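Each residue takes its place number in the sequence, starting with 1. Order of appearance sets the numbers: ligands from 1, and atoms from 1 within every ligand. Please read these numbers as outputs of a predicted model, since none were measured by experiment. The figures here come from the full heavy-atom set of this structure, side chains too, leaving out hydrogens, waters and symmetry mates.
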Amino acid sequence: MPKIWSGRTDAETAELTDKLNYSIDIDRRLFREDITGSIVHAKMLAKQGFLTPHEFSSIETGLEAIREKFENGTIALPQNSEDIHMAIETLLTDKIGDPGKRLHTARSRNDQVATDFRLYLKSACNAIQKNLIELLSAISIKANLHLETVMPAYTHMQRAQPSTYAHYLMAYAQMFRRDFTRIADCVKRMDECPLGAGALCGTSYDIDRDFTAQELGFREPTQNSIDSVSDRDFAVELLAALSLIQTHLSRFSEEIVLWCSSEFRFIELDDAYTTGSSMMPQKKNPDVAELIRGKTGRVYGGLFNILTVLKGLPLAYNKDMQEDKEAVFDALDTILLSLEAFTEMLKSLKVNEDNMRNAAASGFINATDCADYLVARGLPFRDAYAIVGHLVSVCVENVATLENLPLEVFRNFSELFDKDVYETLTIDSCVRRRNSAGGPSPESVAKQIAVLDDFIGSTDV
Ligand code: ARG
């Protein structure tokens with residue numbers, strides 16, 4: 001097949017060259033953005049007098065008909081389509097003849113692909129943000145139901161201090177809220193239109209870049225034509241933000257895997273989000289959580305892939321950059337699916353409140369509260385800490401808990417202990433009194449949920 005660029009070279013490309021060079025299987029998903037970009041470009045060319053109104057309308061009608069065929073799956077791509085840009089231009093010219101050949105005036109595939117990619121990513125960011133809001137809403141609803149569901153909070157995987165399931169869930173809400181705003185920040189910097197940069201050094205045609213930027217919904221045109229076609233930092237930034245989302249999902253998933261094990265039994269997954277074993281009839285495996293955790297590598301891989309592609313590239317466009325899309329598309333697909341599946345899994349899981357409470361009752365998670373009791377009666381914290389340390393040793397030796405120790409034992413260690421220590425040591429009271437801003441008391445967590453709900457209500461996605 002003669003190439004669109006035959007003229008400079010007569011030789012046919014080797015099959016292996018085509019195999020390496022063709023990106024159509026990956027970039028065909030840019031068809032909408034490519035068609036929209038071409039229509040706007042043609043509109044600008046007509047406005048500036050480089051196309052007649054008739055030529056423009058035949059380009060527009062032709063491209064819309066092609067879009068329709070892509071949408072309903074009836075498109076037949078021309079043989080030897082190198083990429084989506086060539087494919088659509090060829091389809092258009094086959095369909096409408098001469099005007100199709102005028103479309104590429106004052107444009108290069110370099111500014112075209114940079115524009116298409118940004119347009120695509122802007123709308124993908126919107127989809128990610130929608131999914132994040134769905135997840136945040138699910139967390140808010142669940143947290144509201146569990147303001148008083150006491151559980152131990154952990155450091156070093158050891159029971160540390162008293163908390164609630166709501167408090168724990170709201171920790172993740174903060175991470176996903178920041179993820180949402182990180183995506184919004186990415187969009188801000190991505191929101192510049194490279195169209196009109198040409199291959200790299202602009203054009204001598206009197207084009208109107210403000211017009212195309214505005215028509216395509218960008219905030220403004222890019223400032224420098226070489227930069228416009230050279231950098232993919234917007235994709236790197238997005239992949240970094242996606243990597244963090246997947247990190248958060250992965251940590252959350254890890255805890256779900258742990259917590260539904262027989263060792264914990266804090267939660268029970270809905271059957272719909274588990275699978276069975278082909279051999280062990282008793283198994284109910286948390287595959288969804290495991291896969292979300294496991295897919296994290298793909299997303300990080302995408303980030304490193306594209307950073308590596310860019311690191312040694314001289315300005316401006318180099319074909320290496322064609323590798324950018326596969327990494328980003330894969331990360332986007334992974335995150336969108338992970339967010340959706342995770343949200344449904346979270347919504348449907350059941351909480352074993354009794355098991356959480358029982359776990360909170362052992363492990364001395366009220367030890368800090370016991371020390372604080374002495375501090376409230378005038379003892380310096382370090383002295384109080386030492387006394388409670390001894391009390392815990394006594395408990396360990398006698399297989400007891402602090403709240404079960406006789407008052408004399410307490411008083412052997414400090415005269416400051418009195419009957420009311422027992423009320424202080426109940427887990428519910430420990431939680432209720434941890435009322436500092438951001439803390440686990442139901443009152444404090446209810447405030448956190450209210451702030452989250454305001455945030456959800458203020459977003460516009
Ligand atoms: N398929 C190419 C890409 O995605 C389009 C740009 C081609 N430009 C070029 N100078 N060969 O990067």
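- When only non-hydrogen protein atoms are considered, atom 8 (N) of ligand 1 lies nearest to N110 OD1, 2.8 Å.
- Close approach of ligand 1 to D83 (heavy-atom distance below 4.0 Å) involves ligand atoms 1 (N), 2 (C), 5 (C).
- The shortest distance between side-chain heavy atoms of K325 and V113 falls below 4.5 Å.
- Note: Y168 and Y165 have parallel aromatic rings, judged against thresholds of 30 and 60 degrees for the angle between ring planes.
- Atoms of ligand 1 lying under 4.0 Å from any heavy atom of S23, numbered from 1 in the order shown and given with element: 1 (N).
- Residues L91 and P78 form a side-chain contact, since some pair of their non-hydrogen atoms from C-beta on lies under 4.5 Å apart.
- Considering only non-hydrogen protein atoms, atom 2 (C) of ligand 1 sits nearest to Q322 OE1, 3.2 Å.
- In this structure, atom 4 (O) of ligand 1 lies nearest to the protein heavy atom K325 NZ, 2.7 Å.
- What sits closest to atom 6 (C) of ligand 1 on the protein, heavy atoms only, is Y317 OH, 3.5 Å.
- A salt bridge does not link R189 to D233: none of the charged nitrogens lies less than 4.0 Å from a carboxylate oxygen.
- Closest protein heavy atom to atom 11 (N) of ligand 1: R109 NH2, 3.6 Å.
- Taking the centre and axis of the six-membered ring of F234, the NZ or CZ atom of R118 falls inside the cone set by 45° and 6.0 Å.
- Under the 6.0 Å distance and 45° angle rule, K122 counts as a cation-pi partner of F218.
- In Q112, neither the side chain nor the backbone holds a heavy atom less than 4.0 Å from any atom of ligand 1.
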